[in-house]
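Here is the structure we will look at, set down as structure tokens.
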2 protein chains.
Amino acid sequence: MGILDNLKEKGHRLTPQRVMIVNILEESEGHISAEEIYSHLHDRYSYTNISTVYRTLELLKELGLVTQTDLGEGIVRYHEVTKGHHHHLVCKGCGKVEDLPESALFVLRDKLWSDYHFRAELSHLAIFGYCQKCLEEGKT
Amino acid sequence: MGILDNLKEKGHRLTPQRVMIVNILEESEGHISAEEIYSHLHDRYSYTNISTVYRTLELLKELGLVTQTDLGEGIVRYHEVTKGHHHHLVCKGCGKVEDLPESALFVLRDKLWSDYHFRAELSHLAIFGYCQKCLEEGKT
DNA sequence: TTAAATGCAAACGCTTTGCAATTGA
DNA sequence: TCAATTGCAAAGCGTTTGCATTTAA
């Protein structure tokens, strides 16, 4: 079931703004910020407002349809839950963000549970460091 | 060599404000925010300003004497480099922040290097999840 | 018809900046 | 002495909020 069906089913209105915001979310490959969504939304329909974007994202988050990640840029990024969980390797040299499959952290998750009784939610971990290219270029 | 000696050696002035800020940093056990530092600073010397705190922290960061962590609160926290590296288990139930020794993530670091050629800087990782107490109380 | 949702403007909290006055070395 | 540093005020940024107006169902 798509986000729009989900919204409708739960009694929320399918306003044109919401439909467009959801479309923009679905069209975006990776993680998109509220400002970026607003920018696309504004292209399609000028008479809109960024507070609508924030309120829609807040609603989608409450319904568990999108999740947030903080990639350390001072802004929050959003992505669809159904697009799957993964992590982020954020390069401090060039800013590139590489996706990392969820499975890469299973070992860590299990260790945190067995050693610390902490149930880690490792769905959107941002790991900072340097990519191979930047290492080779000495950008450290 | 302490932070103050380090500052002096590199030709930076030891103003009373800087000395106090460094003292507050050294007295704090864990990770402290700019606002918290300012609050303590203000207790000792009223005629000061939070921009001085930010500027001092920026300088200490450039000199590699303190590091920043974003614990997902929307604010940045600082701590002395010499106090050692560790990670944070941030409980989404009660907000408690537990320290995790650096060694807990060695396996992950090695895996990221061998599989992805990514040199992770896992010195200040914040891992979100739920602590045992909150799990028992069903706060998930 | 009417509660839900929007657009607007203003405020928020954390952080940064321009500038004149002060001060450590 | 004088460049470095400070205090102040204002702005900057991403985000949130109050409120009157509009609108989906």
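Every chain is numbered from 1 and lettered A, B, ... according to where its sequence line falls, protein lines coming before strand lines.
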Among D:dG7, C:dT6, D:dT5, the nucleotide that comes nearest once only the side chain of B:Arg18 is considered: D:dT5
Interatomic distance where CD1 belongs to A:Ile32 and P belongs to D:dG14 [whole Å]: 15 Å
Distance in angstrom units between B:Tyr54 OH and D:dC13 P, rounded: 16 Å
Distance-only polar pair, side chains of B:Ser33 and B:Glu35, donor-acceptor under 3.5 Å: no
Distance in angstrom units between A:Ile75 CD1 and D:dT15 P, rounded: 7 Å
Backbone of A:Tyr116 reached by a side-chain donor or acceptor of A:Lys111 within 3.5 Å: no
Separation of C:dT6 P from A:Tyr38 OH (nearest whole Å): 14 Å
Proximity to the side chain of A:Arg55 - top-ranked nucleotide from C:dT6, D:dA25, D:dC8: C:dT6
Interatomic distance, A:Ile50 CD1 vs C:dC8 P [rounded to whole Å]: 13 Å
Side-chain N or O of A:Thr52 closer than 4.0 Å to phosphate OP1/OP2 of C:dG7: yes
Of the listed nucleotides D:dA4, D:dG14, D:dG7, the one nearest the side chain of B:Arg13: D:dA4
Separation of atom CG in B:Leu7 from atom C1' in D:dT6, rounded to whole Å: 16 Å
Between B:His42 and B:Thr48, a side-chain donor and acceptor under 3.5 Å: no
Protein-nucleotide distance (A:Leu57, atom CG; C:dT6, atom P), rounded to Å: 11 Å
More than 12 heavy atoms from other groups under 6.0 Å of NE2 on A:His12: yes
Phosphate contact (C:dT23 OP1 or OP2) by B:Gln17 side-chain N/O below 4.0 Å: no
Sugar-phosphate only, base, or nothing, as touched by A:Thr48 at under 4.0 Å among non-hydrogen atoms: sugar-phosphate
Most 5' of B:Lys8 and B:Ala34 on DNA chain C, judged by nearest nucleotide: B:Ala34
Nearest-nucleotide pick for A:Thr15, side chain only, options being C:dA5, D:dT5, D:dT15: C:dA5
Short side-chain N/O contact from B:His12 to OP1 or OP2 of D:dT5, under 4.0 Å: yes
Whether A:His117 and A:Trp113 hold their rings parallel, tilted or perpendicular, with breakpoints at 30° and 60°: perpendicular
Side chain of A:Asn49 (C-beta onward), nearest among C:dT6, C:dG24, C:dC8: C:dC8
Protein-nucleotide distance (B:Tyr47, atom OH; C:dT22, atom P), rounded to Å: 15 Å
Sugar-phosphate, base or nothing in reach of A:Tyr45, heavy atoms under 4.0 Å: sugar-phosphate
Touch class at under 4.0 angstrom, heavy-atom based, for B:Glu58 against every strand present: nothing
